[in-house]
There are 2 protein chains.
Amino acid sequence: MATHAQPSSRQDWRTLLRAKGYRLTPQRELVLRAVDRLGHATPDEVLAAVHQESEAVNISTVYRTLELLEELGLVRHAHLHDRAPTYHTTATPAHVHLVCRGCGSVVEADPKVVEEFTDRLRDTHGFGTDVGHLTVFGTCASCGA
Amino acid sequence: MATHAQPSSRQDWRTLLRAKGYRLTPQRELVLRAVDRLGHATPDEVLAAVHQESEAVNISTVYRTLELLEELGLVRHAHLHDRAPTYHTTATPAHVHLVCRGCGSVVEADPKVVEEFTDRLRDTHGFGTDVGHLTVFGTCASCGA
DNA sequence: GTTAATGCAAAAACTTTGCAAACCT
DNA sequence: AGGTTTGCAAAGTTTTTGCATTAAC
């Protein structure tokens, strides 16, 4: 339930969009592919990435598209740093973000690492953790704990 | 080291500020007290709270003061929702934030709940978790997991 | 041909900055 | 008195919105 079956082909996307009355446009494809490719990207970075691919998309379209894709469950966002939210695809399995305060690096950890933890939260607080949104701030190995 | 000894009186604050060449002003007191009182508040909410207390403080002063207080370790901020960062006092012991997607409620959990988890992150990734900044998104008991 | 989506430009929301006046010590 | 802090206003960022035009279906 936390993980979605992911459409991987253009046709799948179209079906998913049309089911809600939306249309498949080149801009939407470009944005989705950019998010896929970038890993974690701010709207701004998505725009830049799309531009590199030699097609122009307006920044407002990027915002609107990211919102749409999130509604469809194709992307998610997290707050990895203080500035803007970063978007990532849901095609790859959910993961935990470890963000280093020292160097700003972002490591993705296997959700298994947090299993006991989430179990415990459920037991003690009745709280169902959304592992895909879990961001842990701290200090990475090389920045010395 | 993660928890700070907290000054609780006006005099303590003054000492802390003066040690770095800063001054104790009514605005700074008002902001700090507002953060204390509010629990988790955006800069905007801090401004509103201060205004209610019948003293006017400029919004830019709120921003500057929150930054200063954070530098001094008296407050910290977290990203509890998508909009603005929320500030909270460090006078209360570090805690984990459980944010419900359904109703938006924020519950504070005891850091003990995450001890095994942080130990494990240290073991497997050499990652030192900043527990005070840990925010967990998910679904609370009443919103049904 | 319809209806949804885009681009553009303007507005809104949020945060930062420069500087003279006011205030803390 | 002297240097820090404030308020104000202006500028910087980031995100949203309205509307005519374009494009998907």
Side-chain angles (χ1 to χ4, degrees), chain A residues 10-35 40-51 53-72 74-75 77-87, chain B residues 10-32 34-35 40-48 50-51 53-72 74-75 77-87:
Chain A
R10 185 199 168 76
Q11 258 325 305
D12 291 333
W13 294 343
R14 160 134 51 200
T15 305
L16 219 146
L17 286 163
R18 300 229 45 203
K20 295 204 173 183
Y22 300 130
R23 295 171 181 178
L24 180 59
T25 67
Q27 288 91 336
R28 286 174 177 171
E29 276 193 78
L30 285 164
V31 168
L32 181 48
R33 288 224 313 282
V35 172
H40 304 95
T42 61
D44 212 52
E45 291 165 343
V46 170
L47 178 68
V50 168
H51 275 168
E53 215 174 299
S54 83
E55 284 240 31
V57 173
N58 193 276
I59 182 67
S60 60
T61 298
V62 171
Y63 277 105
R64 288 189 277 227
T65 302
L66 288 173
E67 188 183 353
L68 178 74
L69 294 178
E70 190 153 35
E71 179 198 330
L72 295 175
L74 294 175
V75 306
H77 77 270
H79 296 273
L80 266 35
H81 45 73
D82 284 345
R83 279 293 178 191
T86 59
Y87 288 79
Chain B
R10 187 198 167 77
Q11 260 323 308
D12 289 334
W13 293 344
R14 161 134 50 201
T15 306
L16 219 146
L17 286 163
R18 301 229 43 207
K20 294 204 176 184
Y22 300 130
R23 293 171 181 180
L24 181 59
T25 67
Q27 288 91 337
R28 284 174 180 171
E29 275 193 77
L30 285 164
V31 169
L32 181 48
V35 172
H40 303 96
T42 62
D44 214 52
E45 292 165 341
V46 170
L47 179 68
V50 168
H51 275 168
E53 216 174 301
S54 82
E55 284 240 33
V57 173
N58 193 275
I59 182 67
S60 60
T61 298
V62 171
Y63 278 105
R64 287 189 278 227
T65 301
L66 287 174
E67 188 184 352
L68 177 73
L69 294 178
E70 190 153 36
E71 178 198 330
L72 296 175
L74 294 175
V75 307
H77 77 271
H79 296 274
L80 266 35
H81 49 256
D82 284 346
R83 278 293 178 189
T86 60
Y87 289 78

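Below, chain A is the first sequence line, B the second, and so on; all start at residue 1.
- Residues satisfying the side chain to side chain donor-acceptor pair (under 3.5 Å) criterion with A:Arg28, sequence neighbours excluded, are absent altogether.
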Margin query: Counting primed atoms plus P, OP1 and OP2 as sugar-phosphate and everything else as base, spell out the protein contacts along nucleotides 17-25 of chain C at 4.0 Å heavy-atom distance: B, S or - for each nucleotide, 5' to 3'.
Written below: BB----BBS
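- Heavy atoms only, all atoms of each residue included: B:Pro43 and B:Pro85 are closest at CD-O, 3.6 Å.
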Note to self: Could you go through A:Val31 and A:Leu66, starting from their C-alpha distance and side-chain angles, then the distance that decides it, and tell me whether this counts as side chain to side chain contact (heavy atoms under 4.5 Å, CB included)?
What the structure shows: CA-CA 8 Å; A:Val31 168; A:Leu66 288 173; 3.9 Å; yes
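- Residues satisfying the side chain to side chain donor-acceptor pair (under 3.5 Å) criterion with A:Tyr63, sequence neighbours excluded, are absent altogether.
- For A:Arg33, the side chain to side chain donor-acceptor pair (under 3.5 Å) criterion is met by A:Glu53, not counting sequence neighbours.
- Taking side-chain N and O atoms only, A:Asn58 has a distance below 4.0 Å to OP1 or OP2 of C:dC8.
- Summary of helix geometry: the two end axes of the helix from C:dG1-D:dC25 to C:dT25-D:dA1, each defined by five base pairs via their C1' atoms, are inclined to each other by 40° (rounded to 10°).
- With sequence neighbours excluded, no residue satisfies side chain to side chain donor-acceptor pair (under 3.5 Å) with A:Asp44.
- The distance between atom CG of A:Leu30 and atom P of C:dA5, rounded to the nearest whole Å, is 16 Å.
- When all heavy atoms of B:Arg14 and B:Leu24 are compared, the pair lying nearest together is CB-CD2, 3.9 Å.
- In this structure, A:Leu47 places its CG atom 15 Å from P of D:dT16, rounding to the nearest Å.
- With rounding to whole Å, A:Asp44 atom CG is found 14 Å from D:dG12 atom C1'.
- Atom CD of B:Glu71 has more than 12 neighbouring heavy atoms from other residues, nucleotides or ligands inside a 6.0 Å radius.
- Computed from coordinates, the A:Ile59 CD1 to D:dT16 C1' distance equals 11 Å when rounded to whole Å.
- Separating the CD atom of A:Glu67 from the P atom of C:dA5 is a distance of 12 Å, rounded to the nearest angstrom.
- Put simply, CD on A:Glu71 is 14 Å from P on C:dA4, counting in whole angstrom units.
- Computed from coordinates, the A:His51 NE2 to C:dT6 P distance equals 13 Å when rounded to whole Å.
- When the P atom of C:dA9 is taken as reference, atom OH of A:Tyr63 falls 18 Å away, rounded to whole Å.
- Between C:dT15, C:dG7, C:dT6, one nucleotide has an atom nearer to the side chain of B:Pro85 than all others, and that is C:dT15.
- In this structure, A:Gln27 reaches the C:dG7 phosphate: one of its side-chain N or O atoms is under 4.0 Å from OP1 or OP2.
- Under the 30°/60° scheme for interplanar angles, the aromatic rings of B:Tyr87 and B:His77 are found to be tilted.
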